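Please read all numbers here as calculations on a predicted model, not as lab measurements. Note on naming: letters A, B, ... go to the chains in the order of the sequence lines (proteins, then strands), and numbering restarts at 1 for each one.
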Amino acid sequence: MKKRFYITTPIYYPSARLHLGHAYCTTLSDVLARSKRERGFDCYFLTGADEHGLKIEKNALEAGVTPQQFVDHIVEGFYQLWDLLRITNDDFIRTTQDRHIKVVQNAFTRMLNKGDIYLGKYEGWYCKYCEAFWTETQVGPDHICPDCQREVQKAEEEAYFFKTSNYVDSLMKFFDKNPKFLIPESRKNEMINTFIKPGLDDLCVSRTSFSWGVPVLENNKHVVYVWLDALTNYISALGYGSDNDELFKKYWESEDCEIIHILGADITRFHAIYWPMFLESLGLRKPDREFVHGLLMMKDSKMSKSKGNVVNPYPLVERYGVDSVRYYLTREINFGSDGSFSPEQFVERVNADLANSYGNLLNRTISMIGKYFNGVIPAYKGHVTDFDASLESVIDLTISNYETLMDDLKITDAIATVNELVNRANKYIDETTPWALAKDENKKDELASVMNHLARAIYVASRLYHPVLVTASDKAFEQLGLSLEAADYKNIRDSHLLDNLQTNKGNPLFPRLDPTVEVPFINELMK
RNA sequence: CGCGGAGUAGAGCAGUUGGCAGCUCGUCAGGCCCAUAACCUGGAGGUCGUGUGGUUCAAGUCCCACCUCCGCAACCA
């Protein structure tokens, strides 16, 4: 396995506030990044904002501010949400930053000089009221502007294009040689069948009909158009082509580094087809993996700004805490498949897994250690009974399964294995009946071993949950009497870690949610 | 015939390379009394969308046909 990781989310478009779908993608990426770091790997994690384009220009005009003021305001909300969700990005790239603009211009020039970009004509449906071009599918069979509903006309304008035909063969070879590049694999077939086989069009990389974008140095009428601008963020953030390109060398150019892009299905095409082409044109290495996560739906329909059925993540986190929301997103929706959000599911998941199983396990264990051993965790003395041995083997197995699954980006499954450990530990209490052992002086050793094993199981579960339950896990460590330093992942296989620690009884980690109160509350948020 | 996904217990879902159909919730019966009305055990409930289809010793899984729902279709993650 490689030593370093570079993990990215897409850069989101600040035309409106973020919704739960954005939070989903960023949270899962964060879980991955945290889990790598906790296990001792060097991991650089990037997110950001894609701030150019006509829509921003128009929204700013309506709001009576400059485009820059407009995006500054919305991006402020991005920062707040990522803060609230405890996202640990190492950098936040904005496409309006100088460091990014220079890289885009540099890339454009190199591609132009190389003959990969040429000047041509862009043809599309034009709405003269909105001063915007639309695609065939956007205007529909009646040729109506999707924004103002007025009729549009065929029109053309001068534009630069990226010559995809120079790189199609090479891309196909790349796909063949790197079967794990695009996951899930069905996405690769989709790309090939839908876009490449029918003949790939050249990609429009500049426009003249609006001005809010990166200026083309060679032709001042033009600004760079979307994807060449947006995708470049992944290397501009590392300082590619700048005086300070240490990060770029360390993470992009180093063979020791695994580059992982996390993205949504709707932008797969750009990441899987054009991005490798751009990189090849620049003579740069391609990412190792592009992971396409599923779409988060609202019960039956897709969550979308235009349908107005978005879930606002801010009040959700404020009411239920960062851990519950992160847990729900990670555990409930199988990473890679589509999922749907429902208030009932949310409450059920939090109650079943976090309150009843995990939180309650901690609570009852700490309470017993308090009652039977004055709050001191008895030292580990091997396994006294078969029950102890059985629990120990589950602990070991959980750790190795978890690591394997995480490395394979099966985040949901990795977390599910921790649930199994927690359930196993709850069952272990019934098997060993500590309250009965406590009444028999001869069973003192057995009882001590049970308490030690329980504490260890809770520690391991909390350690493995930590990338998701970023605050509750620390509280669990504290209740076990572990310092954050002692709780470090490197000690996860140490059987003696909890010997003689003084526990601190605390409040339940996750209070049970009352569905009759919380379901209506969440439903209100969805209006 | 545009592309793709889905159809498995009352609900929501998981089922890697084919090898005794599982999980959570709900429900019924029991147990326990350390714990957050929590925890543990067991039962009921599925002909795995349809086929009087194919391959196989063996199909939820592979192949074929059909039905239904959904997403994408060139700037909503």
**Request:** Using atom CD of A:E420 as one end and atom C1' of B:U24 as the other, report the distance to the nearest whole Å.
**Result:** 12 Å
**Message:** Less than 4.5 Å apart, side chain to side chain, heavy atoms only: is that true for A:Y314 and A:L81?
**Reply:** yes
**Message:** Mind checking if A:Y24 touches a base, just sugar-phosphate, or nothing, with heavy atoms under 4.0 Å?
**Reply:** nothing
**Prompt:** Which is true for A:N363 with a 4.0 Å heavy-atom rule: it touches a base, it touches only sugar-phosphate, or it touches nothing?
**Reply:** base
**Asked** Who does B:G45 pair with, Watson-Crick or G-U, both distances under 3.5 Å?
**Response** none
**Message:** So, under a plain 3.5 Å distance rule, would you say the side chain of A:Y225 forms a donor-acceptor pair with the base of B:C75?
**Reply:** yes
**Between B:G2 (P) and A:D201 (CG): distance, integer Å** = 19 Å
**Prompt:** Is any side-chain nitrogen or oxygen of A:R187 closer than 4.0 Å to OP1 or OP2 of B:G4?
**Reply:** no
**Request:** Please report, rounded to the nearest Å, how far the C1' atom of B:U16 is from the CG atom of A:D408.
**Result:** 10 Å
**Request:** Give one of base, sugar-phosphate or nothing for A:G53, where a contact means two heavy atoms less than 4.0 Å apart.
**Result:** nothing
**Asked** Which part of the nucleic acid does A:P434 contact within heavy-atom distance under 4.0 Å: base, sugar-phosphate only, or nothing?
**Response** nothing
**Prompt:** Is there side-chain contact between A:T47 and A:S29, with heavy atoms separated by less than 4.5 Å?
**Reply:** no
